[in-house]
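Please read the structure below before turning to the comments.
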Amino acid sequence: MSTVHLIDHPLVQHKLTLMRQKDLSTHGFRRLLKELAMLMAYEVTRDMPTQPIEIETPLETTTGQVIDGKKLVFVAILRAGLGILDGMLDVVPGARVGHVGLYRDPRTLTAVEYYFKLPADMGERDVIVVDPMLATGHSAIAAVERVKEVGPRSIKFVCLLACPEGIAALQGAHPDVPIFTAAIDRQLDAHGYILPGLGDAGDRIFGTK
Ligand code: URA
């Protein structure tokens, strides 16, 4: 069974609580999501490999460690995943970016793919799939399945909010993919929304409702 990493740092919890509030502006929601994504990037990249390089300080030569940002690929599940991408790229600007376009069929709640684009040479890359909400798990499962087809070195999944149903579904389909989340909420409702949740993440990021 894959591990679930709950990122419950006080700063993360504080910002998430502000984001849940229904009266928060679109601008405020987007700004907080970006800040949260930066904090979550810190946790999810904790085991990223580094390599030594020789550098000159003003006083002498020394050896420091650097990451190879280009080996990292953030894969955003469209469209709400774009809201997390911004903050993550601020922290790892050298990362490559992939996109998986999926929409939820409102009747069956299953994921239907309409777009898929990843960088080349995926065999030597570490992938972090991002989507703010792990609800039914259908989109996450479908996105990870497609990413696995190109055989990356590793895959992680990052969301802002998860629920027990989504975690169980993703773990059942992809037991090798660790899940990083800022909170695990109570349950899914009949329409596939997380309770208490924060509403429709895409609508709140882009102000479409
Ligand atoms: N997607 C959302 O945007 N919100 C939910 O609560 C569930 C899925």
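Residue indices begin at 1 and follow the sequence shown. Please read these numbers as outputs of a predicted model, since none were measured by experiment. Both ligands and their constituent atoms are indexed starting at 1 by order of listing. Keep in mind that the numbers below use all heavy atoms, side chains included, and drop hydrogens, waters and symmetry copies.
A salt bridge is absent between Arg153 and Glu124: the closest approach of a Lys/Arg side-chain nitrogen to an acidic carboxylate oxygen does not fall below 4.0 angstrom. Here Asp126 does not pair with Arg96 in a salt bridge; the nearest charged N to carboxylate O distance is not below 4.0 Å. In this structure, Asp121 does not pair ionically with Lys70, as no charged nitrogen and carboxylate oxygen lie closer than 4.0 Å. We find that Lys148 and Asp176 are joined by a salt bridge, their nearest charged nitrogen and carboxylate oxygen being less than 4.0 Å apart.
If you check which protein heavy atom lies closest to atom 6 (O) of ligand 1, you get Ile194 N, 2.8 Å. The protein heavy atom nearest to atom 5 (C) of ligand 1 is Tyr193 CD2, 3.4 Å.
Contact atoms of ligand 1 toward Gly192: 7 (C), 8 (C) (distance under 4.0 Å to a heavy atom of the residue). Of all atoms in ligand 1, listed by their number and element, those nearer than 4.0 Å to a heavy atom of Gly199 are 2 (C), 3 (O), 4 (N), 5 (C), 6 (O). When each atom of ligand 1 is checked for a heavy atom of Ala135 under 4.0 Å away, the hits are 7 (C), 8 (C).
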Checking side chain to side chain contact (heavy atoms under 4.5 Å, CB included) for the pair Val129/Val177: CA distance, chi angles, key distance, verdict? CA-CA 10 Å; Val129 178; Val177 174; over 6 Å; no
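The shell of residues lying under 4.0 angstrom from ligand 1, judged by heavy atoms, excludes Pro132.
Counting heavy atoms closer than 4.0 Å to ligand 1, residue Ala201 contributes atoms from both its backbone and its side chain.
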Considering only distance and modelled atom types, tabulate donor-acceptor pairs under 3.5 Å from the side chains of residues 160-169, sequence neighbours left out.
unit_1	atom_1	unit_2	atom_2	d
Glu165	OE2	Leu188	N	3.2

